[in-house]
There are 2 protein chains.
Amino acid sequence: MTAVFDSLSDPLPRRLAAGLSRLSVALRAGQWRLAEAHGLTPTQAQALALLAARSGAARPALRVSDIAEHLAITRPTASDAVTALERKGLIRRQPDPRDARATGLVLTEAGTALAREAGDWPATLLDVAADLPPPEQEALLRLVTKLIRGLQLRGAIAPARMCATCRFFRPYAHPADAATPHHCSFVDAPFGDRHLRLDCAEQDPLPDDEAEVVWTRFVSGPPAATPP
Amino acid sequence: MTAVFDSLSDPLPRRLAAGLSRLSVALRAGQWRLAEAHGLTPTQAQALALLAARSGAARPALRVSDIAEHLAITRPTASDAVTALERKGLIRRQPDPRDARATGLVLTEAGTALAREAGDWPATLLDVAADLPPPEQEALLRLVTKLIRGLQLRGAIAPARMCATCRFFRPYAHPADAATPHHCSFVDAPFGDRHLRLDCAEQDPLPDDEAEVVWTRFVSGPPAATPP
DNA sequence: CGATTATATGTAGGACTCCTACTCAATCAA
DNA sequence: TTGATTGAGTAGGAGTCCTACATATAATCG
């Protein structure tokens, strides 16, 4: 069972961290190139993309502290980035009707247009991901979902609007259908692991205790076939 | 085969990139906390860790440009970080005997000690990785290996000293042994996916064409059982 | 040998990141 | 109404990260 290498090697989690860190280096470098081509910095581009993803006529405008939380930076740093975006004419600050202390952030037209181009992902990363066989893409998505959930539970990351903790998510509602075993009761349609979302606009988060239940059902995999 | 969600969703590679980006955000934030606790910045800590990992009495000292390449930053930025580390007494610059233009970077004793503490990974990330069931850790390591290889082939990342492109790597040399199907001819021992390394000190890279052959054998999985 | 050309590093300057500590105004709770 | 909390911003400082440019050495080619 145990092999020579078990005592020779770093523990697996440590090597995983190292690997993810290597990916992170490449990702950050790619974001620099991409953002820079549009006169932005990675932080600005991420903030712009976040605003674009979360802007809806019906939803309240994001605030500076939302940006800070989502990018895991301090509020002053987020404030810096927002100031830069405002100076570049990509966003506007407007008073928040709900709270006179707060400032809502809204995209200008120029900002909306730029978010579409600069908010994308480095082409290299997309290419590499696309080169994986589809089943492995699916497996990776599921693993990444787990990691994000773990980070979220430990408070290391802002809550993601993911299927796995959504009110509309019914894991393995169609156990007989291997391709699309889950069900989304928002659009009322079956879907599979390959459709799992990490930032769905329609997501409605469950309270922690209920989320835990749904999550457990999701990670446990399909229920065993019922004996006759 | 196709479901409603196939047309509703972002393509899977795009969602994967988004997910990896979320992990990257958390990782970078964690690196800030960790490095800061030791009076460093993430870049400085990464440079220090790199020097610690690659320092061997027998090996030539790393140079500034090696740091820049590995961290995917420009040489001036790497030069800045190295200057800061030198000012803090953690490394020394010494003339390179092979090339009078170059500067070799060596850790001081203080630097060696600090690299051990500050060069580690954020505890949160290690915990989250360790919480995955071991088979999933193994699967993730294999997937991350593939992504890194892909980034490397596209020149987006410095060559990693990974098993999968090493002269001593014999993928599926023991096809009958599911737990440790590979073989490392450096230590002359069998090992499995869970032992795959991404930065092995003993790695000896194969030339591109031979690496391609070994890589293909690795990603193809175990050979089909021989018919009787 | 001497004149390129390439390489390794470093400097300069500027925009931005990122932090802590602080101010200010609005809100909430007692 | 007083006092604590919250959202935003400022101030100041070290560091990141870039593009250009400067300097020295090395390799190459007549």
Side-chain angles (χ1 to χ4, degrees), chain A residues 24-25 27-48 60-88 90-105 118, chain B residues 24-25 27-48 60-88 90-105 118:
Chain A
S24 176
V25 163
L27 180 59
R28 183 140 193 105
Q31 283 174 331
W32 260 103
R33 318 291 170 237
L34 181 60
E36 215 163 28
H38 297 283
L40 299 174
T41 63
T43 305
Q44 291 167 19
Q46 280 178 282
L48 198 63
L62 288 188
R63 303 172 175 182
V64 173
S65 38
D66 295 323
I67 306 276
E69 191 191 4
H70 199 261
L71 303 189
I73 56 184
T74 59
R75 271 170 309 207
T77 301
S79 191
D80 285 347
V82 163
T83 302
L85 289 174
E86 192 178 26
R87 181 168 43 71
K88 290 173 186 174
L90 301 172
I91 66 176
R92 264 184 308 108
R93 291 181 210 244
Q94 62 182 15
D96 189 316
R98 297 164 302 160
D99 187 335
R101 292 168 302 181
T103 328
L105 304 173
Chain B
S24 177
V25 163
L27 180 59
R28 184 141 192 104
Q31 283 174 331
W32 260 103
R33 318 292 171 238
L34 181 60
E36 215 163 30
H38 296 284
L40 299 174
T41 63
T43 305
Q44 290 167 19
Q46 281 178 282
L48 198 63
L62 288 188
R63 303 171 173 183
V64 173
S65 38
D66 296 322
I67 306 277
E69 189 190 5
H70 199 262
L71 304 188
I73 55 183
T74 59
R75 273 169 306 211
T77 300
S79 189
D80 286 346
V82 163
T83 302
L85 289 173
E86 191 179 27
R87 181 168 42 72
K88 293 173 185 172
L90 301 171
I91 65 175
R92 264 184 309 106
R93 290 182 211 244
Q94 61 181 17
D96 189 317
R98 297 165 302 162
D99 185 335
R101 292 168 302 179
T103 331
L105 304 173

| In terms of the nearest nucleotide of DNA chain D, which residue is placed more toward the 5' end: A:Arg93 or B:Arg98? | A:Arg93
| Atom CG of A:Asp80 to atom C1' of D:dA11: distance rounded to whole Å? | 11 Å
| Sugar-phosphate, base or nothing in reach of A:Pro76, heavy atoms under 4.0 Å | base
| More 5' along DNA chain C: B:Trp32 or B:Val82, using each one's nearest nucleotide? | B:Val82
| said: I need the CD-P distance between B:Glu36 and C:dT17, as an integer number of Å. | reply: 17 Å
| query | Per the atom types in the model, does the base of C:dT7 pair as donor or acceptor with the side chain of B:Arg101 at under 3.5 Å? | reply | yes
| remark: Nearest heavy-atom approach of A:Ser24 to B:Ser24 is OG-OG, 2.9 Å
| task | Nearest-nucleotide wise, let me know which of B:Thr43 and A:Arg63 is further upstream toward the 5' end of DNA chain D. | result | A:Arg63
| task | Please work out if A:Asp99 contacts a base, only the sugar-phosphate, or nothing of the nucleic acid, heavy-atom cut-off 4.0 Å. | result | sugar-phosphate
| request: Kindly point out which of C:dA8, C:dT11, C:dC19 is positioned nearest to the side chain of A:Ile73? | output: C:dC19
| field | Nearest-angstrom distance from the residue atom CD of A:Glu86 to P of D:dA8 | value | 13 Å
| For the side chain of A:Ser79, counting heavy atoms from C-beta on, which of C:dT9, C:dT17, D:dG9 is nearest? | D:dG9
| message | Please find the pair of heavy atoms, one from B:Arg93 and one from B:Val64, that lie closest to each other, and give the distance. | response | NH1-CG2, 4.3 Å
| remark: Closest to the side chain of A:Val64, out of C:dC18, D:dG7, D:dA8, is D:dA8
| said: Does A:Thr77 reach a base, just sugar-phosphate, or nothing at all? Heavy atoms under 4.0 Å. | reply: base
| Distance below 4.0 Å between B:Gln44 side-chain N/O and D:dA14 OP1 or OP2 | no
| field | Phosphate OP1/OP2 of D:dA8 contacted by A:Ser65 side-chain N/O (<4.0 Å) | value | yes
